[in-house]
Enquirer: 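Mind looking over this structure? Questions follow.
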2 protein chains.
Amino acid sequence: MASTARLTVLSEGLKTACSQCNLQELCLPIGLSNNDLAQLDELVSVRKRLKRHQHLYRTGDPFEAIYAVRAGSFKTSIVQEDGREQVTGFQMTSEILGLDGISAETHTCDAEALEDSEVCVIPFAKLEELSRQVEPLQHQFHKVMSREIVRDHSVMMLLGSMRAEERLAAFLLNLSQRFTARGFSHTEFHLRMTREEIGSYLGLKLETVSRAFSRFQERGLISVQQKHIHILDIDGLHAIVSQHTAL
Amino acid sequence: MASTARLTVLSEGLKTACSQCNLQELCLPIGLSNNDLAQLDELVSVRKRLKRHQHLYRTGDPFEAIYAVRAGSFKTSIVQEDGREQVTGFQMTSEILGLDGISAETHTCDAEALEDSEVCVIPFAKLEELSRQVEPLQHQFHKVMSREIVRDHSVMMLLGSMRAEERLAAFLLNLSQRFTARGFSHTEFHLRMTREEIGSYLGLKLETVSRAFSRFQERGLISVQQKHIHILDIDGLHAIVSQHTAL
DNA sequence: CGTATCCTTGATTCGCTTCAACATTAGTGG
DNA sequence: CCACTAATGTTGAAGCGAATCAAGGATACG
């Protein structure tokens with residue numbers, strides 16, 4: 001009976017504690033003292049679970065909180081009237097979602113779970129309040145926003161001046177690096193998104209993505225089996241990315 | 001005599017006062033009380049002048065301040081070893097430069113004046129300090145950062161899913177809208193950047209930009225004379241941007 | 001006033017998209 | 001648990017849009 005009661009709570013909210021979280025070192029709380037962490041625990045008190053394909057927020061939703069991915073993964077995208085979408089990012093554990101909403105107090109993109117996932121809800125007004133008191137938190141939050149800007153710039157670079165294979169190689173290397181930071185294998189992983197979503201993110205059609213995967217496999221750079229990726233020659237991938245830079 | 005002395009000061013720094021600035025309503029101080037503004041005046045005490053083609057900062061420079069464009073305009077770009085550049089943005093008066101540097105405490109792009117320009121120097125550590133005390137300032141700063149993220153997303157959209165003419169039309173409309181906000185004509189303006197820089201920003205070659213301008217002119221949408229642009233049919237431009245969306 | 005920079009325009013090439021058919025996997029209900 | 005169907009992924013052939021190559025012209029700047 002306790003378990004059923006708990007399940008109900010789980011579906012909507014569950015006590016969180018940054019101080020207990022193993023993602024601490026990658027997430028918003030980097031560099032906080034134990035005392036500061038305790039204050040953050042107060043603030044980030046609710047988690048939210050989402051099933052695959054469920055939306056965390058949609059364009060136009062009022063902005064109230066930002067979110068830290070605790071488990072699973074998401075995509076953010078801008079959807080146009082005709083239904084075509086531009087994927088603007090893929091977020092994995094410890095990454096922050098919702099920063100787009102601050103400027104207009106309304107979300108400007110959709111955030112959708114790519115698998116069953118869980119986020120920590122960080123009420124924004126409270127975050128601003130606490131970060132006025134806790135300097136390291138303030139600074140860390142600014143860094144998080146700035147990192148998003150830097151990331152966006154490198155996507156612009158990718159979209160603006162790389163060819164298809166370069167884009168895909170850069171994408172794989174980026175994933176690999178992020179998996180590594182989370183303690184997973186940097187040579188073997190599972191894609192959570194479809195070819196179409198990858199294509200949208202990289203400014204390519206899904207057929208082009210598929211073909212590029214096949215060519216990488218032919219050349220022995222990776223082995224692909226649907227969504228399972230095994231990187232066999234990471235230097236080879238790096239060489240592809242920097243080839244347009246070499247001479 | 002006083003004037004010569006003053007000129008020397010001008011070359012490096014000049015007393016600024018947000019409270020006296022006519023860009024107040026577009027810039028960081030939006031929504032500040034007179035009292036808060038006075039505090040901001042203390043902080044933003046130095047201006048910096050730059051000649052055309054001079055760099056405000058370069059990739060790798062230590063990050064110490066952000067900048068508000070007071071006069072003139074800038075481009076930011078990521079430059080690769082081979083010298084090829086990806087322009088990540090064009091900034092005009094009241095827009096903020098340097099946010100990319102917060103994350104790694106090092107600038108991650110180059111910022112170059114497109115014409116003789118002037119910026120207000122906002123020492124970042126002091127800005128964080130003051131924004132811990134002045135809530136509206138804190139909030140406004142967060143909005144500025146968020147706006148940059150939203151802008152970047154729309155550039156991704158542009159680069160990822162629009163064709164050449166759509167990109168250029170969107171670019172012209174964006175400029176028009178920004179000029180309007182600054183009290184200038186929204187149908188007639190001077191481009192501060194070259195075709196190559198526009199191309200880099202839009203992920204196109206300069207020849208493609210030039211051809212698109214010519215085609216717009218042929219169709220009576222604009223009149224172009226080198227860098228001077230006259231928009232004749234703003235709805236026509238809008239139609240081009242949204243054509244890929246209309247069915 | 002001369003020279004470097006920037007812009008325009010044409011012809012050709014190339015890479016990605018489009019269209020199409022089929023294969024595979026995942027998800028659903030009987 | 002299997003059968004069926006929808007979603008996803010692969011591969012080929014043809015078409016198209018932008019890049020590339022090339023030459024000439026306009027403009028701005030020292």
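Every chain is numbered from 1 and lettered A, B, ... according to where its sequence line falls, protein lines coming before strand lines.
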Enquirer: Check whether any side-chain N or O of B/K227 sits under 4.0 Å from OP1 or OP2 of C/dC6, and answer yes or no.
Expert: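 B/K227 to C/dC6 OP1/OP2: no side-chain N or O under 4.0 Å.
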Enquirer: Nearest to the side chain of A/R195 - C/dC19, D/dG9, C/dG27?
Expert: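 Taking heavy atoms from C-beta onward, the closest nucleotide is D/dG9.
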Enquirer: In whole angstrom, what separates B/H190's NE2 from C/dC6's P?
Expert: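 Roughly 14 Å, once rounded to whole Å.
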Enquirer: Between C/dC7, C/dT17, D/dA18, which one does the side chain of B/Q226 approach most closely?
Expert: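 The closest nucleotide is C/dC7.
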Enquirer: For B/Q225 and for B/L204, find the nucleotide of DNA chain D with the closest heavy atom, then tell me which residue's nucleotide is more 5'.
Expert: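 The residue mapped nearer the 5' terminus is B/L204.
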Enquirer: Look at the side chain of A/A164 and decide which nucleotide, out of D/dT8, C/dT8, C/dC16, has an atom nearest to it.
Expert: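 Output: C/dC16.
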Enquirer: Verify the distance criterion only: is there a donor paired with an acceptor across the side chains of B/E112 and B/S77 at less than 3.5 Å?
Expert: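 No, because no side-chain N or O of B/E112 sits under 3.5 Å from a partner of the opposite role on B/S77.
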Enquirer: Whole Å only: how far is the CD atom of A/E207 from the P atom of C/dC22?
Expert: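 So the CD-P distance, A/E207 to C/dC22, works out to 16 Å.
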Enquirer: Base, sugar-phosphate alone, or nothing: which one does A/R52 contact when heavy atoms must sit under 4.0 Å apart?
Expert: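 Here A/R52 touches the backbone only, sparing every base.
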Enquirer: Check if the side chain of B/R211 and the base of D/dT20 share a donor-acceptor pair of N or O atoms closer than 3.5 Å.
Expert: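 Yes, a donor-acceptor pair under 3.5 Å.
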Enquirer: Got A/F90 and A/E197 here, is their nearest side-chain heavy-atom distance under 4.5 Å?
Expert: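 Yes, close enough: below the 4.5 Å cut-off.
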Enquirer: Could you measure the distance from the CD atom of A/Q225 to the NE2 atom of A/H190? Nearest 0.5 Å is fine.
Expert: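 Here the interatomic distance stands at 10.5 Å.
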Enquirer: From CE of A/M162 over to C1' of D/dA19, roughly how many Å is that when rounded to an integer?
Expert: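 Rounded to whole Å, this separation is 18 Å.
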Enquirer: How close or far is atom P of C/dC16 from atom CZ of A/F213, stated in whole angstroms?
Expert: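 The distance from CZ of A/F213 to P of C/dC16 comes to 15 Å, rounded to the nearest Å.
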Enquirer: Starting at atom CD of A/E197, determine the distance to atom C1' of D/dT8, rounded to an integer number of angstrom.
Expert: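 Going from CD in A/E197 over to C1' in D/dT8 covers 11 Å.
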Enquirer: Any chance CD of B/E196 has more than 12 other-residue heavy atoms, nucleotides or ligands included, within less than 6.0 Å?
Expert: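 12 or below, so no.
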Enquirer: For B/E218 and C/dT8, what is the distance between atoms CD and C1' respectively, to the nearest whole Å?
Expert: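 Rounded to the whole Å, the gap is 12 Å.
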Enquirer: May I ask you to say whether A/E95 pairs ionically with A/R151, meaning some side-chain N is under 4.0 Å from a carboxylate O?
Expert: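 Here A/E95 does not pair with A/R151 in a salt bridge, since their nearest N and O are not under 4.0 Å apart.
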Enquirer: Which nucleotide in the list D/dC29, C/dC7, D/dT11 gets nearest to the side chain of B/S210?
Expert: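 Per side-chain heavy atoms of B/S210, the pick is C/dC7.
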Enquirer: How many Å lie between CZ on B/R192 and P on C/dC7, as a whole number?
Expert: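 Roughly 13 Å, once rounded to whole Å.
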Enquirer: Take the protein atom CG of A/L206 and the nucleotide atom C1' of D/dT10, then report the distance between them rounded to whole Å.
Expert: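 Those two atoms, CG and C1', are 10 Å apart.
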Enquirer: Reckon A/G199 touches a base, only the sugar-phosphate, or nothing at all at heavy-atom distances under 4.0 Å?
Expert: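 Since no nucleic acid heavy atom lies under 4.0 Å of A/G199, the category is nothing.
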Enquirer: Select one nucleotide: of D/dA18, C/dT18, C/dG15, the one nearest the side-chain heavy atoms of B/R163.
Expert: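 Given the options D/dA18, C/dT18, C/dG15, the side chain of B/R163 is closest to D/dA18.
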Enquirer: Taking only side-chain nitrogens and oxygens of A/S214, does any of them come within less than 4.0 Å of OP1 or OP2 of D/dT11?
Expert: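 Yes, within the criterion.
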Enquirer: Closest approach to the side chain of B/T194, judged atom by atom: which nucleotide of C/dT17, D/dT8, C/dC7 is it?
Expert: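 Side chain of B/T194 sits closest to C/dC7.
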